[in-house]
A.B. asks: 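Sending over a structure as structure tokens; questions will come in a sec.
For clarity, every value in this text was computed on a predicted model and none was experimentally measured.
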Amino acid sequence: MPLMRANEQTPCGALFDILKRHAGISHKELATMILSERPLADGRSPQSRVSDRTWVSRFIVHAPVDASQERLFRDFGVAAQRIMDRLRSGRPGSWTCAEILDMVCGEPGEAMARALDACHENVRLYRNALARMCDGEGYTVGERTEAAMVLFVAAGCTADVGRAVDYTMEYIRCSMGGRLGTPTSCPVSLDPRKIQVDLALPHVLGFVRIVDGVVAGAPHWVSSDSEGVEIGALATGVDDITDVDGDVSAHHARVWHEPDATGEDGRPATGPGRWMLSDLGSSNGTAVVDGDGAEPRRIEGGEAVEVHPGDEIRLGRGTTFVLVEGMADMAR
């Protein structure tokens with residue numbers, strides 16, 4: 001257990017402070033996104049206490065660093081996805097990937113490095129990892145931003161740089177198919193031409209199975225240039241998703257990508273389009289939980305709704321997937 005220096009902010013405190021000060025996310029809202037739904041010894045989950053400001057302040061934001069504290073948090077990748085979705089949702093203003101990277105890797109994020117240093121953690125390791133996530137080759141700007149946010153959240157929740165880096169590199173391996181390359185220089189500016197090229201490539205959406213609050217297995221990828229996939233206990237398509245519990249219907253739900261409409265000049269649209277999900281008349285229902293932690297929305301049979309990375313998809317009583325962004329060749 002790391003020992004804090006007197007009067008220093010904890011990494012968890014830094015996480016809450018940075019996101020409140022620079023992103024306008026309140027302590028209650030952030031707690032909703034990152035706290036676990038698993039019950040503690042008293043039968044109540046941390047998630048059930050988010051409205052208790054005193055509890056959140058005492059046991060989360062200003063709690064002394066303790067190795068046992070990690071049980072209070074949900075999976076770091078899921079938490080990071082929810083924060084990313086909140087920042088990009090346009091409330092009160094939509095953040096770009098470059099702006100999110102600047103917050104995590106730039107001057108605002110230095111508060112996290114100082115808090116880790118106060119715990120006698122290896123800040124050089126943390127900075128080295130951030131440099132690769134900010135400027136490493138081989139990934140899109142969105143993927144690098146996602147990786148940096150995962151590391152930022154993991155470091156804040158664990159106060160353990162080694163644990164946070166190990167988790168993030170495994171997340172990159174499972175969710176992005178590899179590892180970030182060494183930066184050619186530091187810093188490397190974000191090239192808007194690269195972003196425009198990325199828009200022309202197929203978009204890929206990943207379904208990450210969550211069991212008991214943690215990631216279970218590799219993501220199931222869906223490409224925007226496919227006809228979509230079914231999710232169900234007896235779905236038989238090549239890319240269909242059958243990693244479900246027994247109460248999920250044989251053909252439970254379908255997900256597909258809709259491109260943006262053709263422009264007025266008749267040219268193909270270059271925007272990212274949107275991902276759609278529909279329930280196929282399942283017996284036990286489908287629900288979507290927005291990445292900002294809103295109440296689950298049940299989808300009626302035949303209804304189609306738009307979904308986004310960071311959302312949770314719940315099928316039946318116990319099958320949960322979190323949606324993540326992927327790179328263009330993952331679903332091939």
A.B. asks: Taking only residues two or more places apart in sequence or in another chain, which ones pass side chain to side chain contact (heavy atoms under 4.5 Å, CB included) with Arg298?
C.D. replies: Glu300
A.B. asks: Please say yes or no: joined through hydrophobic side-chain contacts below 4.5 Å, possibly via intermediate residues, are Val305 and Phe321 part of one cluster?
C.D. replies: yes
A.B. asks: Measuring from Ser45:OG to Leu40:CG, what's the distance to the nearest 0.5 Å?
C.D. replies: 7.0 Å
A.B. asks: Is it the case that atom CG in Asp245 sees more than 12 heavy atoms from other parts of the structure closer than 6.0 Å?
C.D. replies: yes
A.B. asks: Please round to the nearest 0.5 Å and tell me the distance separating atom NE2 of His22 and atom CH2 of Trp95.
C.D. replies: 8.5 Å
A.B. asks: Distance-only, no hydrogens or angles: does the Asp247 side chain make a donor-acceptor pair with backbone N or O of Arg317 under 3.5 Å?
C.D. replies: yes
A.B. asks: Taking His252 for its side chain and Gly285 for its backbone only, find out whether a donor-acceptor pair lies under 3.5 Å.
C.D. replies: yes
A.B. asks: Got a second to check how far Ile299's CD1 is from Ile313's CD1, nearest 0.5 Å?
C.D. replies: 6.5 Å
A.B. asks: Where the side chain of Glu110 meets the backbone of Glu107, is there a donor-acceptor pair that is under 3.5 Å apart?
C.D. replies: no
A.B. asks: Let me confirm one number: the CD1-CE distance from Ile172 to Met169, rounded to the nearest 0.5 Å.
C.D. replies: 4.5 Å
A.B. asks: Would the distance check show the side chain of Thr32 and the main-chain N or O of Lys28 forming a donor-acceptor pair, the cut-off being under 3.5 Å?
C.D. replies: yes
A.B. asks: Where the side chain of Asp311 meets the backbone of Leu323, is there a donor-acceptor pair that is under 3.5 Å apart?
C.D. replies: no
A.B. asks: Rounded to the nearest 0.5 Å, what separates atom CD in Glu146 from atom CD in Gln81?
C.D. replies: 4.0 Å
A.B. asks: Donor-acceptor pairs under 3.5 angstrom involving side-chain atoms of residues 55-64: please list them, not counting sequence neighbours.
C.D. replies:
unit_1 : atom_1 : unit_2 : atom_2 : d
Ser57  : OG     : His62  : ND1    : 2.9

A.B. asks: Can you name the closest pair of heavy atoms from Ala216 and Asp243 and give their distance?
C.D. replies: O-OD2, 4.5 Å
A.B. asks: Does the side chain of Tyr167 come under 3.5 Å of the side chain of Asp75 through a donor N or O and an acceptor N or O?
C.D. replies: yes
A.B. asks: So, Arg74 side chain and Met33 main chain: donor-acceptor pair closer than 3.5 Å or not?
C.D. replies: yes
A.B. asks: Locate the shortest heavy-atom distance separating Thr168 from Ala147; write the atom from each residue and the value.
C.D. replies: CG2-O, 3.6 Å
A.B. asks: In the structure I gave you, are the side-chain heavy atoms of Asp239 and Trp221 within less than 4.5 Å of one another anywhere?
C.D. replies: no
A.B. asks: At their closest point, which heavy atom of Ile34 faces which heavy atom of Ala79, and how far apart are they?
C.D. replies: CG2-CB, 3.8 Å
A.B. asks: Considering non-hydrogen atoms only, spot the tightest contact between Pro11 and Leu116 and give its length.
C.D. replies: CG-CD2, 3.8 Å
A.B. asks: Are the side chain of Arg44 and the backbone N or O of Ser48 linked by a donor-acceptor pair below 3.5 Å?
C.D. replies: yes
A.B. asks: With a 4.0 Å cut-off on N to O distance, would you call Glu121 and Arg163 a salt bridge?
C.D. replies: no
A.B. asks: Let me confirm one number: the NE2-CG distance from His220 to Asp240, rounded to the nearest 0.5 Å.
C.D. replies: 11.5 Å
A.B. asks: Is the shortest side-chain heavy-atom distance between Phe207 and Leu205 below 4.5 Å?
C.D. replies: yes
A.B. asks: Return yes if some donor-acceptor pair links the side-chain N/O of Ser249 with the main-chain N/O of His251 below 3.5 Å, else return no.
C.D. replies: no
A.B. asks: Any chance the side chains of Ser282 and Asn284 put a donor and an acceptor closer than 3.5 Å?
C.D. replies: no
